[in-house]
Structures are given as structure tokens and as C-alpha cells.
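In what follows, a structure is listed as C-alpha cells, so that the remarks can point back to it.
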Amino acid sequence: MVEAVGKQLFIGGKWRDAEGGKTFEVEDPATGQSIASVADAGVADGTAALDAAVATQEEWARTAPRDRGEILRRAFELITERADDLALLMTLEMGKPLKESKAEIAYASEFFRWFSEESVRIAGRYSVAPNGASRLVTMKQPVGPCLMITPWNFPLAMGTRKIGPAVAAGCTMVVKPASLTPLSMLALVDIMVEAGLPEGVLNVVTTTSTGEVMEPLIRDPRLRKLTFTGSTEVGRTLVEQSAQGLLRVSMELGGNAPFLVFADADLDKAVDGAMLAKMRNIGEACTAANRFIVHESVAEEFASRLAERMGALTLGRGTEEGVEVGPLVEAKQRDKVRELVEDAVDEGATVTTGGGPREGEGYFFEPTVLTDVPRSARLFTEEIFGPVAPIFTFGKDEEGLAMANDTEFGLVGYLFTQDLNRAVWAYEGLETGMVGVNQGIVSNPAAPFGGVKASGFGREGGLEGIEEYLETKYVGLAL
Ligand code: NAP
């Protein structure tokens, strides 16, 4: 599968080498070995990709909405047909177990199905001005050429949830996947071509000179929109860079999700939800439960059940049968998780299961549960991005909710209770863009995904997703 994927840049409908023939290596995180050499774009390559997107924009915007929808629908079907191959490729470059890669492929393809249906529902309004003297007509038009920068943790889905609505809306684009995991996006290129996407609509640039290649594009007045998924730190820099050109910007940034377990929670459901919210993607998800905030009356029981489940998980290479937890994506990520656990233990936390990296090749980290964690521990405020579940306790409900909101982030919160009044009170009070009530996963192509506070702005998926790629034009029509 790795051999079959294009390793060059895809610009204006053609595969081509990076300037000077430069390449970089993509590693398998389970072994640390290189699995492919990919084109390493320079500044001129980035500009060429934007040139192609700009040159194609006008014609692409004029295509029939149904035609754009049909392209997405065909791409959805092709991804579904090739799910096994795509999953293997994803596991090799990113590490997650095959079963999880398959789940991401399905999730990724659903954005195409969803937006294939939305492409024909782009509509405006018509009304009579209050004084009756004119007619007010509104219409939606594509924003224009977009730059899409995506992270390594969901190598395909973070791309399709941008590409899907952009294609549906009639925008052209330059996509820059993460340099740790470019292969899934490169594999998507062939699928889009086969699905009938015209040349120049989708341009893909891989690079390790990321800031140097991206900044001139962001500052280029021909670019009309920047959409970014990644860390809050990089997001802040990109918002600054985009200010000069007053770009339309969407930012899907970091999280620090609270997972609230109230005294009356169904603990079976809470533990199932915790396993999903913590262990999906080996904990390397922006939506991962980062802080378990559990009522003191059930904390011990919850911790021991969670530790039992976490401790029983099988670690190993994601391609192997029965493996439930793959390696972290790189040594830096593994070392950061280790640092956060050591800091918590120094602050007084107890390791109930796991506690450190696994010896040997690859960047494996044992599923870990920490109890008696004080709020002074760094993992109360920092995104862990690994299989570590710290448990904090609270007494009064108000105290639990205040702890949940005591963070600069606001992507998602989870809460478990059987009391409807308590659930409504808590989800209305959570300062997040999304809430899971008695469930440990919120991602759904039909729902608006996104955060508040330092988790960013803009929404992906749902009815809202396509709006990010549309401008509203108003026409005043005098009679
Ligand atoms: P990252 O370091 O911010 O990288 C994300 C993307 O930005 C990569 O393609 C990266 O390229 C690129 N990038 C890095 N520096 C850049 C610069 N100066 N200018 C332009 N682009 C730049 O984040 P990550 O480690 O890949 O991803 C993990 C983060 O993403 C976590 O914080 C997670 O919470 C967040 N995330 C958020 C969501 C959400 O929807 N809210 C979803 C998934 C992940 P290189 O790979 O070449 O460095």
C-alpha cells in the first residue's frame, strides 16, 4: 500500500517533485524505521500550489452544486471500498491499531457523504424591506481559495472535514498535512481524481519547512481563508499572521476536556464512557478526557474499575491482531507524557496502574491511572495527549463544575449523571463548544464540532460546517 501512494507534491492536477528534489522520511512509530520518502516543498512550491488554486477558483465556483456533490459522493464510495488499504497505511504512519484506523476512515468518509448532501442545499433569503421600498435578497457564494493545515492525530478525517465542505461550497484549496503523517492525505489525492475532481481544485503540499512555506501563503492577498487544526500555540501564531490580510479563519485547537462523574452516575456507563473518551486514538485526541473530576463518594470505586480496564489493555504494533493500544506518534510525545506523569507523582499523585513508557523499540506508553492528583499537577492545566487518566475529586456539584471550567481551553466536556435536572444544569454551565452526556464520544459528521476559549473558533460538520466556506452577499433591489 505504501508503494502505491504518490510521494510528490500534487499541484494543478499533476504530481511533481519539490524544488531541488528535496525529500523527507516518514517513520513507523512502532519501530522508528522509515517507511517512505516524501517531497519536501520549499517556498516556490507553496506559491505554485496557491497559483493553481487561484487560477481554478472562478471556474470551479461556477460548477453545478449537484456536480460537486456527486464528486464527493463518489469519493465517499471509493474510500469505503478501499477502507482496509487506507487503514493499513494510516496505522503504519501514525501507530493506532487497525480497528481504530478503520473507524477513522469511516468517520473521514462520512464528511464527504454529509457534504455531498449539503452541496445542493446552499440557499439565500428574500424579504421585503420594513418600509416596503425595496427587496432584500441574500445569496451565498464561495469564500475563495483556502489554505488547510492539518495535524497528525487523525491524518485523514481532519482533512476530509475541511475538504468536504470546501468542495461542496465551490472553493479551491491548498492542503498541508502534518509532516509526521502525510501518506493518508496523499492517498486521498488519487481518490479525488478518480471521483472526478477537476485539476487545480485540490493541491497538496508536504514540507518540513512548515512555517517558512506557510507564512507567505497566509500573507498572500489572493488567499481568502485559513482553516487550521492543531495546537493552540501554533494557532495563535497563524491568527496573528492572518490579521494583516483579514482572512476568514477557523481554528480547531487544543483541549483539556473535563470528565465529570456525579454522585448518582451509572458507574458502568461512566467507566465505558471513560475508556472511550480516554483511550480513543491512544489518548492522542483533542477531545480526549484530560481530567476525570469525580464525586468523592464514588471516586474510589470509579478509579478501581477504570484501572482494571486500563491495565488489561494489550499494547503492541497496531498492525497486529488483538492489539488495543499502539505507540505514541514520536519520541517527543512519549517523553512529554512521561514528564507529566512524573510531575504529578512529585506533587503527590498515586499510580494505580501503568506509570511509564514501555522498554524496547517504538514509542509505547502504558495505560496509566493516577489517583489523589492535586490541582497543582501540570496535567490539570496541560493537554496530556497520551493514555493517562488523572482522577481529581469534588464534594459539592458547584465545586465540580468550577473545576471543570478552570482551564483556558473549552473544546468538549463529558458528564455522567442519571438526574435530568443535574445534567441540564451542568451542560448549560460547561464552558465548552461540545458536551457528551452519559457518552464518551461526541464526534459526528452531522454535528457542529468546535470549541470556545483557547480551543478556537469556527465549526466543522453539521449544518454549520459549510457556512465556514461561504460568504453572504446582500442585494438591495429598489422597486
Ligand atoms: P501542531 O504542532 O500545531 O501541528 C499542526 C499542523 O500545523 C501540522 O501540519 C504542522 O506542520 C503545522 N504547523 C506547525 N507549525 C506551523 C507554523 N509555524 N506555521 C504553519 N503551520 C505549522 O499540532 P499537532 O501536534 O500536529 O497536533 C496536535 C494538536 O492538535 C493538539 O493540541 C490537539 O488538541 C490539536 N487538535 C485539535 C483538534 C480540534 O478539532 N480542535 C483536532 C485534532 C487535533 P508540521 O507537521 O510540519 O509541523
Side-chain angles (χ1 to χ4, degrees), residues 1-27 34-57 59-60 68 71-72 74-76 78-79 81-82 85-86 88-90 92-94 105 108-109 112 145-150 152 155-156 158-160 162-164 166-167 171-210 212-214 216-217 220 222-223:
M1 181 62 202
V2 175
E3 294 72 40
V5 175
K7 317 279 188 320
Q8 294 166 295
L9 310 175
F10 187 71
I11 298 176
K14 313 259 174 322
W15 291 100
R16 55 186 249 190
D17 283 336
E19 71 183 289
K22 277 179 69 186
T23 58
F24 67 92
E25 300 302 305
V26 181
E27 262 189 18
S34 168
I35 51 169
S37 287
V38 167
D40 196 353
V43 173
D45 296 315
T47 308
L50 182 59
D51 291 347
V54 170
T56 316
Q57 178 59 59
E59 197 185 338
W60 176 237
R68 299 197 299 267
I71 292 169
L72 287 173
R74 279 195 294 276
F76 158 73
L78 288 168
I79 296 174
E81 273 168 30
R82 294 175 199 169
D85 286 347
L86 290 167
L88 177 59
L89 185 69
M90 187 179 287
L92 288 175
E93 68 173 346
M94 189 274 171
I105 305 292
S109 68
F112 282 179
C146 303
L147 175 61
M148 306 176 167
I149 303 179
T150 59
W152 50 263
L156 195 64
M158 298 302 97
T160 58
K162 299 181 189 307
I163 297 168
V167 167
C171 296
T172 60
M173 64 213 83
V174 176
V175 179
K176 204 233 51 95
S179 43
L180 287 169
T181 58
L183 300 175
S184 298
M185 183 54 64
L186 291 169
L188 184 69
V189 168
D190 283 334
I191 288 175
M192 299 311 286
V193 171
E194 219 176 307
L197 194 70
E199 289 183 358
V201 176
L202 168 70
N203 304 278
V204 178
V205 171
T206 48
T207 181
T208 53
S209 309
T210 309
E212 202 187 318
V213 176
M214 291 297 107
L217 301 192
D220 191 312
R222 298 173 301 164
L223 187 74

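Atoms considered below: every heavy atom in the structure, side chains included; atoms not considered: hydrogens, waters and symmetry mates.
Of the candidates Leu78, Ile79, Val5, Leu183, Leu86 forms a side chain to side chain contact (heavy atoms under 4.5 Å, CB included) with just one, namely Ile79.
Side-chain N or O atoms of Gln57 include one that pairs as donor or acceptor with a backbone N or O of Thr172 at under 3.5 Å. Looking only at distances, a side-chain donor or acceptor of Asn203 sits under 3.5 Å from a matching main-chain atom of Met173.
For Asp45, the salt bridge (charged side-chain N to carboxylate O under 4.0 Å, His left out) partners are Arg16, not counting sequence neighbours. Taking the side chain to side chain donor-acceptor pair (under 3.5 Å) definition, one finds that Ser109 meets it with nothing, sequence neighbours left out. In this structure, the side chain to side chain donor-acceptor pair (under 3.5 Å) partners of Lys14, at least two apart in sequence or on a different chain, are Glu199. Among residues two or more places apart in sequence or in another chain, the side chain to side chain contact (heavy atoms under 4.5 Å, CB included) test is passed with Pro198 by Trp60, Ile71, Val201. Legend: residues meeting salt bridge (charged side-chain N to carboxylate O under 4.0 Å, His left out) with Glu194, ordered by chain and number and at least two apart, are Arg82. Listed by chain and residue number, Glu93 satisfy the side chain to side chain donor-acceptor pair (under 3.5 Å) test with Ser184 (two or more places apart in sequence, or in another chain).
From Arg222, atom CZ reaches atom OG1 of Thr47 across 7.5 Å, with rounding to the nearest 0.5 Å. Rounding to the nearest 0.5 Å gives a distance of 11.0 Å between CD1 of Ile11 and CG of Leu202. Remark: Leu217 CG to Leu147 CG distance equals 6.0 Å, nearest 0.5 Å. Between the OG1 atom of Thr207 and the NZ atom of Lys176 there is a distance of 7.0 Å, given to the nearest 0.5 Å.
In this structure, Glu25 places its CD atom where more than 12 heavy-atom neighbours from other residues, nucleotides or ligands lie under 6.0 Å away.
Of all non-hydrogen atoms in Leu92 and Val2, the two that sit nearest each other are CD1-CG2, 3.8 Å. Closest heavy-atom contact between Leu186 and Lys7: CD1-CA, 4.2 Å. Considering all non-hydrogen atoms of both residues, Pro177 and Thr150 come closest at CA-OG1, 3.3 Å. Contact record, Ser209 with Lys22: OG-NZ, 4.4 Å, taken as the closest heavy-atom pair. The shortest heavy-atom contact between Pro145 and Leu50 is CB-CD1, 4.4 Å. Smallest separation of non-hydrogen atoms from Trp152 and Met94: O-CG, 3.5 Å.
By the 4.5 Å heavy-atom criterion applied to side chains, Ile163 and Met185 are counted as neighbours. Side-chain contact check for Phe10 versus Leu188: every heavy-atom pair is 4.5 Å or farther apart. Between Thr181 and Met90, the closest side-chain pair of non-hydrogen atoms is not below 4.5 Å. For the pair Phe112 and Ile191, the minimum side-chain heavy-atom distance is 4.5 Å or more.
When only modelled atom types and interatomic distance are considered, Glu27 and Ser34 share no side-chain donor-acceptor pair under 3.5 Å.
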Report the C-alpha distance between Thr206 and Phe24 in whole Å, list the side-chain angles of each, state the deciding distance to 0.1 Å, and finish with yes or no for side chain to side chain contact (heavy atoms under 4.5 Å, CB included).
-> CA-CA 9 Å; Thr206 48; Phe24 67 92; 4.1 Å; yes
